[in-house]
Amino acid sequence: MKLKTYQGKTMADALGQVKRHLGRDAVILSTRTFTRGGVFGLCARPVVEVTAVRDLADLPPAMRRSRAAQPAASASPSPTPREAPPPRSRPTPAPPAAAPAPVEALMAEIGSLKHLVSNLVQETRRSRSAQAVPGSLYDTYTGLVSGEVAECVAQRLIDSVRADLTERELHDADCVRGRLADALKNMLPTAGPIQLARPGEPTVIALVGPTGVGKTTTVAKLAANFCLREKKRVGLITIDTYRIAAVEQLRTYAQIIDVPLEIVVSPAQLREAVGRMSDCDVILIDTAGRSQRDAIKIRELRSYFEAVTPHETHLVLSSTCGASVLMEAIERFRGVGVDRVIFTKLDEAIGFGVILTCLQKANARLSYLTTGQDVPDDIEVGEPGRLAELILCSLQTEQAPAAALAMEA
Ligand SMILES: Nc1nc2c(ncn2[C@@H]2O[C@H](COP(=O)(O)OP(=O)(O)O)[C@@H](O)[C@H]2O)c(=O)[nH]1
Ligand SMILES: [Mg+2]
């Protein structure tokens, strides 16, 4: 190793020697200031000592790495080293010229800073929102949060797991998973499938929700299942006359399944259409997508449901949206008498936790989940155990939710 030590009266003096002997790219490894001579500290002379090396490559690998993680210092860029302040008597002169820092050192430094920042963020999050999360459950907590479970809901789940397990059980992954599955199931309120009213009386079901979430597709899936699998008489009504294509879409499904379809444009027409379908077991009403921000259209929808009070009104929401958008939709559509929620597009969800978050925050009940575009297959009754497994599966495997869906199917 080619370490060299230079001493001078001032830092500038010592650095000047380093530069003269080792060149402008020399790397400073350490500096120290001490006094020499004098009696009992009187008349002692300050000495500045700089240890340097000509090139980073001259250092042994271990030392090179630790140097690389520090800010680069060379004989020229900064004559003010970190380890020793310049002697008080004389200020350090300005650096002669700036030399480029080695890229390798900079990259290593950026890497270590990134790591530091991410640790800090994690720690801050933990101390702010998860003060009570024990170390053994911390990964579970962060997994839930990154799976779109709101922090407050994740915290409740962790509390419940912790309350029921002993310290030893908390370190047993199977115990934690089992208890977490139970806690999840308890926090997933479901309404079960559509309940048909008395025989001879049609059950009126309405689907409402924002545009493009899958209302019409879900109406078709429900109609096909009632008609083809349960052998029920089904009637379809659409009040979505805003777009020709929307009517055509439902008409095509109605023709394939071979069920009647009525198109209505006013609350009075809706009442009459329902009257004409009195021999059906179930009447499914499809509605136009209303922007949750469009209060007028939502009021208009309410006037339809005042003319015909549906037995059940299902709010259709896409699980590809974030919790805040979904919560806003839930609040807006409460005004039309929504009593159940259908989550669509689980096959495209970022995380299944968003379903749990919304059901918890909105105190709503889940009716169905849809998992793809195929009519009639990609629909299932929302079942707490299945949803809990989906949340846990994507938590454990750290796979995309769609992969968990395929594994759990
Ligand atoms: N991936 C996926 N796409 C779906 C699902 N349900 C509906 N879609 C698609 O979402 C789009 C909008 O559906 P549509 O029923 O017209 O939505 P609406 O505007 O709410 O009636 C269509 O392309 C559907 O095929 C689902 O569960 N998964
Ligand atoms: Mg539609």
Side-chain angles (χ1 to χ4, degrees), residues 148 193 205-226 234-257 259 261-265 270 283-294 297-298 300-301 304-305 310 313-322 325-326 328-330 332-333 336 338 340-352 354-355 358 366-383 386-387 390 394 400-406 408-409:
E148 299 286 308
I205 307 293
L207 267 64
V208 300
T211 321
V213 292
K215 293 180 298 299
T216 304
T217 313
T218 307
V219 163
K221 288 173 183 173
L222 290 170
N225 278 293
F226 273 122
V234 178
L236 297 181
I237 300 176
T238 180
I239 53 179
D240 184 359
T241 52
Y242 288 89
R243 290 176 302 133
I244 301 280
V247 176
E248 286 313 311
Q249 182 190 4
L250 194 57
R251 198 196 303 279
T252 308
Y253 283 126
Q255 280 166 356
I256 296 170
I257 309 166
V259 292
L261 168 69
E262 296 249 6
I263 298 147
V264 301
V265 293
L270 175 63
I283 299 171
L284 297 164
I285 304 176
D286 188 16
T287 59
R290 259 101 177 137
S291 157
Q292 62 218 46
R293 299 203 166 87
D294 192 341
K297 291 209 175 121
I298 288 182
E300 189 183 281
L301 201 51
Y304 278 92
F305 296 155
T313 302
H314 298 240
L315 172 60
V316 185
L317 294 174
S318 167
S319 54
T320 60
C321 296
V325 172
L326 297 175
E328 193 187 337
I330 292 174
R332 281 301 176 116
F333 281 93
V336 296
V338 164
R340 283 132 222 257
V341 183
I342 295 174
F343 275 95
T344 60
K345 308 192 187 186
L346 262 71
D347 52 315
E348 291 179 358
I350 305 164
F352 301 121
V354 79
I355 301 175
C358 288
L366 175 71
S367 55
Y368 293 92
L369 299 171
T370 82
T371 55
Q373 292 177 296
D374 278 359
V375 178
D377 289 328
D378 292 338
I379 187 165
E380 55 189 82
V381 175
E383 204 271 309
R386 154 94 162 140
L387 200 47
L390 282 177
S394 54
L405 201 60
E408 282 296 310

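As the structure lists them, so they are numbered: ligands from 1, and atoms in each ligand from 1. Scope of the values below: all heavy atoms of this structure, side chains included, with no hydrogens, waters or symmetry mates. Computed from a predicted structure; not experimentally measured.
Selection from L207, T370, L369, D347 by nearest heavy atom to atom 1 (N) of ligand 1 gives D347.
With a heavy-atom cut-off of 4.0 Å, V316 does not touch ligand 1 at all. When heavy-atom distances to ligand 1 are checked against a 4.0 Å cut-off, T216 comes that close through both its backbone and its side chain. At a heavy-atom cutoff of 4.0 Å, ligand 1 is contacted by both the backbone and the side chain of K345.
Note: an N/O pair closer than 3.5 Å links Q249 and ligand 1 by distance alone. Between T344 and ligand 1, not a single N/O pair is under 3.5 Å apart. Any N or O atom pair closer than 3.5 Å counts here, and T217 shares at least one such pair with ligand 1. By the 3.5 Å distance cut-off applied to N or O atoms, L346 is not counted among the residues near ligand 1.
Side chain of K215 to main chain of P210: a donor-acceptor pair is present (N/O by atom type, distance under 3.5 Å, no hydrogens or angles). In this structure a side-chain-to-backbone donor-acceptor pair under 3.5 Å is present from K221 to D378. Judged by distance alone, with hydrogens and angles left aside, the side-chain atoms of T287 form a donor-acceptor pair with the main-chain N or O of L207 at under 3.5 Å.
Distances from the Mg ion (ligand 2) show that T216 has an N/O/S atom below 2.8 Å.
Taking every heavy atom of K215 and a limit of under 4.0 angstrom, the matching atoms of ligand 1 come to 15 (O), 17 (O), 18 (P), 19 (O), 20 (O), 21 (O). Distances below 4.0 Å separate heavy atoms of G214 from the following atoms of ligand 1: 7 (C), 13 (O), 14 (P), 15 (O), 17 (O), 18 (P), 20 (O). Close approach of ligand 1 to T371 (heavy-atom distance below 4.0 Å) involves ligand atoms 27 (O). Taking every non-hydrogen atom of G212 and a distance limit under 4.0 Å, the qualifying atoms of ligand 1 come out as 12 (C), 17 (O), 18 (P), 19 (O), 20 (O).
The shortest heavy-atom contact between L261 and A254 is CB-CB, 3.9 Å. Annotation for G209 and F333: closest pair C-CZ, 3.6 Å, computed over non-hydrogen atoms. Contact between T320 and A349 at its shortest, heavy atoms only, is CG2-N, 4.2 Å. Scanning both residues, D347 and G372, for their nearest heavy atoms gives OD1-N, 3.5 Å. Looking at every heavy atom in both residues, L317 comes nearest to L326 through CB-CD2, 3.9 Å.
In this structure, OH in Y368 is found 8.5 Å from CG in N225, a value given to the nearest 0.5 Å.
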